[in-house]
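Take a look at the structure set out below.
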Amino acid sequence: MKEENLVIVESPAKAKTIEKFLGNEYLVKSSFGHIRDLDKKNLGIEINNNYKPNYIISPDKKKIVEELKKLAKDARMIWLATDEDREGEAIAWHLYHVLSLTSEKTRRIVFHEITKDAILNAIKNHRFIDTNLVNAQQARRVLDRLVGFELSPLLWKKIKPALSAGRVQSVAVKLLAEREREINSFKTSSNFKVIATFTKPGQDDKIIKFQAELEKRLADMEISRTFLEKMKGAEFKVSDITRKPTKKSPLPPFTTSTLQQEASRRLGFSVAQTMAVAQRLYEAGKISYMRTDSVNLSDSARSATAKVISELFGKKYLHTRNYKTKTKGAQEAHEAIRPTNSDLQTIQGNVSDRKLYELIWKRTIASQMTDAELEKTTIRISNSKSPDIFIATGEVLKFEGFLRLYKESPEDDSEEESGNLLPPVGKNDKLFPEKIEASEKYTAHPPRYTEASLVKKLEEMGIGRPSTYAPTISTIQNRQYVIKEDRAGDVRKCKILTLSQNTIHESVKEENYGFEKAKLFPTDIGLIVNDFLEQHFDSIINYNFTATVEEEFDLIAEGRVDWTTMIDKFYRPFHKKVDETSKTGEKIKGERLLGIDPESGKPVYAKIGRYGPIVQIGDIRDQENKPKFASLLKGQSLEKISLEEALKLFRLPRIIGIYENSEITVGTGRYGPYIKHFNKYYSLKKGVDDPLKITLERAIELIEDKRKDIKNKIIKSFSDSPDLLILNGKYGPYISLDKKNYKIPKSKNPNELTLDECKQIISVSERKTKKKK
DNA sequence: CAGTGAGCGAGCTTCCGCTTGACTT
């Protein structure tokens with residue numbers, strides 16, 4: 001009798017696992033997350049009916065809901081086993097109503113780990129749906145909808161269509177905008193770092209070389225020179241030695257956010273890629289659930305881990321521990337991300353799957369290993385000519401502990417890098433400097449965010465959830481508030497003064513700096529939207545907003561505040577502000593006057609145009625001479641572009657030469673820089689070609705490349721009908737005619753299609769699309 | 001994937017959190 005008991009969880013993979021634990025009088029099904037949501041067609045909330053939410057069954061859930069309805073009807077008892085957090089409670093509540101359940105045949109159960117004991121225990125301790133917690137979720141949902149669906153249309157009206165704003169995404173953009181401006185206003189300075197290289201005879205007459213750094217940095221070149229002059233003929237001795245034992249503890253097992261960070265740092269994964277791989281591993285039963293904010297391991301997982309450590313490394317390396325989460329607002333409905341089978345060090349599968357799995361395995365095992373023990377030695381070195389002190393530090397690993405398995409940073413992996421090996425010295429030992437070098441060091445601006453470091457920051461601020469980190473990062477890129485890219489660095493000169501053999505030598509070293517790899521840059525639109533929101537809706541995108549409303553959601557969950565009262569208090573002033581802002585002022589274009597064009601005497605502006613950032617010579621109101629426009633190039637921004645750079649852009653389009661008796665021109669259009677030849681367009685390679693500098697040779701190369709590509713793309717053409725082509729596209733072969741594309745049935749070989757067959761495929765598909773309409 | 005412009009004004013866009021597929025022309 002499988003129909004006796006119906007258990008509903010959120011994830012199908014979880015359902016499969018649980019079914020194994022429970023006897024066959026239990027049928028375990030999943031809801032695939034939320035089954036209902038606010039109506040998307042309008043606000044989905046009846047403002048004047050005490051904020052009554054208008055829930056509708058999500059289109060992609062209709063099938064599963066029908067199935068669950070049927071099963072629930074036949075079952076004797078329904079166990080709602082969704083996650084024990086706000087969202088999980090709401091899912092249970094929606095199920096209860098949508099499936100028309102009754103309190104007699106419904107039980108609410110919860111467990112935080114998927115083990116037999118945990119589940120049987122949950123069944124014993126069943127309860128009923130917590131309405132207060134459900135109401136806290138409704139408040140969360142309604143608030144997010146109100147903010148998103150009132151602010152977004154305001155942006156369409158004031159800035160441009162299809163933009164968006166929200167409690168989470170707008171804060172993410174704000175973080176990037178603020179950091180970018182910090183970087184723009186950062187003034188680089190330099191000072192001099194002084195390093196002395198000493199030699200000391202070690203065991204077996206081996207000479208040990210080691211370095212010591214001057215305790216303070218010197219302000220400039222002249223001061224450095226004076227200092228080195230003073231060091232000529234100075235005598236050095238050890239004035240003090242300290243040895244201090246230190247410990248390094250392992251990091252806790254992975255949460256969604258820390259997994260994303262480590263996979264980014266060590267494997268170079270984007271956050272979306274990490275989640276896609278983790279999802280595969282989860283569905284294959286290799287790892288526990290990958291969307292979690294908990295660092296907790298179940299008792300059984302911990303003892304399995306302990307067994308592995310004892311077997312692989314011995315008891316000496318075992319130190320089981322419980323980690324406590326420090327994350328604000330963590331709901332801890334699941335375990336940490338861990339391997340389901342601790343014995344499995346690696347898995348079959350593609351490279352990414354294997355690498356991510358091994359990372360998870362190592363981190364989990366290491367979390368239950370002993371601390372690493374180190375000894376840090378500090379040698380202070382004084383000299384006869386000045387009171388200044390040189391300091392040499394070195395670290396020796398006494399016991400590797402968890403480091404045997406999991407190095408803290410990728411750099412730790414290279415053994416010899418671990419630096420300065422110090423010689424055995426005693427107090428008052430004399431030391432002889434081989435050379436002393438003062439080299440110029442520049443201060444660095446605050447780092448730009450990567451996808452992963454932005455997630456980390458959001459998590460620290462308690463904004464967003466494990467299930468939304470990756471989608472949020474995608475959203476701000478899709479809206480083109482932010483672009484992820486590499487940017488070329490620059491070269492600068494570092495002055496070096498070297499004292500050796502009693503003479504001072506001056507040299508210059510070139511240093512690369514400022515190279516950015518896969519960093520997030522706010523775009524002009526991102527900055528303008530952010531400024532607009534900051535100006536009018538600071539209270540919403542303020543870093544404290546989420547924290548404050550979370551406190552209120554907690555009060556609702558405790559039954560101390562009515563959720564509609566809370567929403568009303570928020571909505572009234574908010575909506576008033578939206579109305580006011582909507583009425584006043586005109587479109588925001590981020591316009592900036594750059595200066596006067598020396599040729600025409602007209603003003604030059606930078607602003608957002610219909611298709612993105614542009615520069616403009618002349619006024620729009622000038623009826624006789626319409627203004628001239630030019631698009632900004634990649635890497636340029638409205639905020640930073642200078643008059644000189646702007647004027648250069650007007651040199652496009654320009655003719656760069658003749659090829660095949662026809663002019664080649666270079667310009668920039670709405671899709672970026674291009675070259676034009678015979679009325680055909682060829683895009684320039686992003687990040688490689690500069691339209692202001694491109695040569696005729698390179699342009700011809702691009703034209704020939706594109707011609708080759710087109711040739712390779714054509715599988716078949718017909719002389720009777722030159723417009724009809726069989727092409728090789730991203731999704732395989734297809735037929736192209738009059739800018740429309742048609743799918744080739746799987747049964748046909750594209751190489752053998754005749755013209756008549758093609759025409760038939762086209763007419764069949766035309767008929768189909770007509771029918772749809 | 002193809003496209004390389006700049007006041008005609010239709011109808012559309014959008015939030016955050018739960019969870020996985022379908023299959024591109």
Side-chain angles (χ1 to χ4, degrees), chain A residues 9-15 30-38 40 42-45 58 60-61 63-64 82-83 85-91 94 137 140-157 160-170 276 279-280 282-283 289 291 331 333 463-469 471-472 475 479 546 587 609-612 614 616 620 626-631 652-653 665 667-676 679-683 713 727 729-737 739-744 761-762 765 769:
Chain A
V9 295
E10 289 174 42
S11 150
K14 194 169 169 179
S30 92
S31 73
F32 293 79
H34 272 294
I35 53 161
R36 282 205 298 193
D37 193 13
L38 298 173
K40 261 195 201 26
N42 37 54
L43 197 56
I45 300 160
S58 315
D60 54 332
K61 299 292 164 57
K63 240 177 94 186
I64 186 71
T82 48
D83 296 346
D85 57 17
R86 212 157 60 198
E87 299 297 327
E89 202 69 18
I91 293 174
H94 283 300
Q137 193 275 345
R140 199 281 303 155
R141 181 67 193 91
V142 165
L143 179 113
D144 281 336
R145 169 58 67 89
L146 290 172
V147 169
F149 274 40
E150 295 221 348
L151 285 186
S152 300
L154 191 56
L155 296 180
W156 308 341
K157 191 175 167 192
K160 73 179 222 180
L163 296 177
S164 67
R167 176 176 57 81
V168 174
Q169 59 170 280
S170 296
Q279 178 86 31
R280 273 207 300 276
Y282 168 67
E283 283 172 18
Y289 195 57
R291 289 185 275 264
Q331 317 225 352
I463 297 175
R465 303 277 312 128
S467 67
T468 59
Y469 295 139
T472 301
T475 298
R479 299 275 172 277
T546 291
K587 271 209 159 191
R610 182 93 178 75
Y611 303 111
I614 51 170
Q616 168 191 328
I620 328 172
K626 289 251 163 112
K628 283 196 285 182
F629 301 99
S631 303
L652 300 172
T665 53
T668 62
R670 73 178 281 198
Y671 307 107
Y674 64 89
I675 33 182
K676 191 176 171 188
N679 252 338
K680 284 203 165 118
Y681 293 88
Y682 307 85
S683 291
K713 233 180 92 177
L727 299 175
K730 200 163 65 170
Y731 310 116
Y734 65 98
I735 300 169
S736 159
L737 175 68
K739 293 187 178 171
K740 275 181 161 172
N741 299 325
Y742 305 92
K743 194 176 154 184
I744 298 171
I761 290 171
I762 292 169
S765 126
T769 48

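Throughout, protein chains are lettered first and strands after them, A, B, ... in sequence-line order, and every chain is numbered starting at 1.
When all heavy atoms are compared, the tightest approach of A:K160 to A:K587 is CA-NZ, 4.5 Å.
With values rounded to the nearest 0.5 angstrom, A:R291 atom CZ is found 10.0 Å from A:E10 atom CD. Rounded to the nearest 0.5 Å, atoms CD1 (A:I35) and NZ (A:K61) are 8.5 Å apart.
With contacts defined as side-chain heavy-atom distances shorter than 4.5 Å, the pair A:L146/A:I45 qualifies.
For the pair A:Y682 OH and B:dC1 P, the computed distance is 18 Å after rounding to whole Å. A:K587 has its NZ atom 13 Å from the C1' atom of B:dA6, to the nearest Å. For A:I64 and B:dA22, the CD1 to P distance is 12 Å, given to the nearest whole Å.
Formation of a donor-acceptor pair under 3.5 Å by the A:T468 side chain with backbone atoms of A:G464 is not found in this model.
Nucleotides B:dA2 and B:dC23, compared at atom C1', are 23 Å apart to the nearest Å. Across B:dT25 and B:dT4, the matching C1' atoms stand 24 Å from one another, rounded to whole Å.
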Report each atom pair, protein N/O against N/O of nucleotides 7-13 of chain B, whose distance is under 3.5 angstrom.
{"from": "B:dT13", "atom 1": "O2", "to": "A:A162", "atom 2": "N", "distance (Å)": "2.4"}

Pull out every protein N or O sitting under 3.5 Å from an N or O of nucleotides 17-19 of chain B, one pair per line with the distance.
{"from": "B:dG17", "atom 1": "OP1", "to": "A:R167", "atom 2": "NH2", "distance (Å)": "2.8"}
{"from": "B:dG17", "atom 1": "OP2", "to": "A:T468", "atom 2": "OG1", "distance (Å)": "2.9"}
{"from": "B:dG17", "atom 1": "O4'", "to": "A:R140", "atom 2": "NH2", "distance (Å)": "3.2"}
{"from": "B:dC18", "atom 1": "OP1", "to": "A:R465", "atom 2": "NE", "distance (Å)": "3.2"}
{"from": "B:dC18", "atom 1": "OP2", "to": "A:S467", "atom 2": "OG", "distance (Å)": "2.6"}
{"from": "B:dC18", "atom 1": "O3'", "to": "A:E10", "atom 2": "OE1", "distance (Å)": "3.2"}
{"from": "B:dC18", "atom 1": "O2", "to": "A:H34", "atom 2": "N", "distance (Å)": "2.5"}
{"from": "B:dT19", "atom 1": "OP1", "to": "A:Y289", "atom 2": "OH", "distance (Å)": "2.4"}
{"from": "B:dT19", "atom 1": "OP2", "to": "A:Y289", "atom 2": "OH", "distance (Å)": "2.7"}
{"from": "B:dT19", "atom 1": "OP2", "to": "A:R291", "atom 2": "NE", "distance (Å)": "3.0"}
{"from": "B:dT19", "atom 1": "O5'", "to": "A:Y289", "atom 2": "OH", "distance (Å)": "3.0"}
{"from": "B:dT19", "atom 1": "O4'", "to": "A:G33", "atom 2": "N", "distance (Å)": "3.4"}

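A:S164 comes within 4.0 angstrom of sugar-phosphate atoms only, judged by non-hydrogen atoms across all strands, and of no base. Here A:A165 lies in heavy-atom contact (under 4.0 Å) with sugar-phosphate atoms only. Using a 4.0 Å heavy-atom criterion, one finds that A:E150 contacts no nucleic acid atom at all. Using a 4.0 Å heavy-atom distance criterion, A:T475 is classed as a sugar-phosphate-only contact.
With sequence neighbours excluded, no residue forms a ring-ring contact (aromatic ring centres under 6.0 Å, His included) with A:Y469. Listed by chain and number, the residues in a salt bridge (Lys or Arg N to Asp or Glu O under 4.0 Å) with A:R145 amount to none (sequence neighbours excluded). Applying the side chain to side chain donor-acceptor pair (under 3.5 Å) test to A:D144 and every residue at least two apart in sequence or in another chain returns A:R140, A:R167.
For the side-chain hydrogen bond (donor to acceptor under 3.5 Å, both in side chains) with A:H34, the lone residue among A:R141, A:E87, A:H94 that qualifies is A:E87.
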Notebook entry, point to check: After noting the C-alpha distance and the side-chain angles of A:S164 and A:S152, does the key distance pass the side-chain contact (heavy atoms from CB on, under 4.5 Å) rule?
Noted result: CA-CA 5 Å; A:S164 67; A:S152 300; 3.9 Å; yes

Next item on the list: Check the pair A:D83, A:K14 against salt bridge (charged side-chain N to carboxylate O under 4.0 Å, His left out), reporting the backbone distance first and the verdict last.
Entry: CA-CA 11 Å; A:D83 296 346; A:K14 194 169 169 179; 3.1 Å; yes

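Taking the side chain of A:S683 as heavy atoms from C-beta on, and the options B:dT14, B:dT4, B:dA6, the nearest nucleotide is B:dT4.
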Next item on the list: Go ahead and write out DNA chain B as dot-bracket, 5' to 3': ( ) for pairs within the strand, [ ] for ones crossing earlier pairs, | when the partner sits on another strand, dots for unpaired; Watson-Crick or G-U wobble, both distances under 3.5 Å.
Entry: .........................

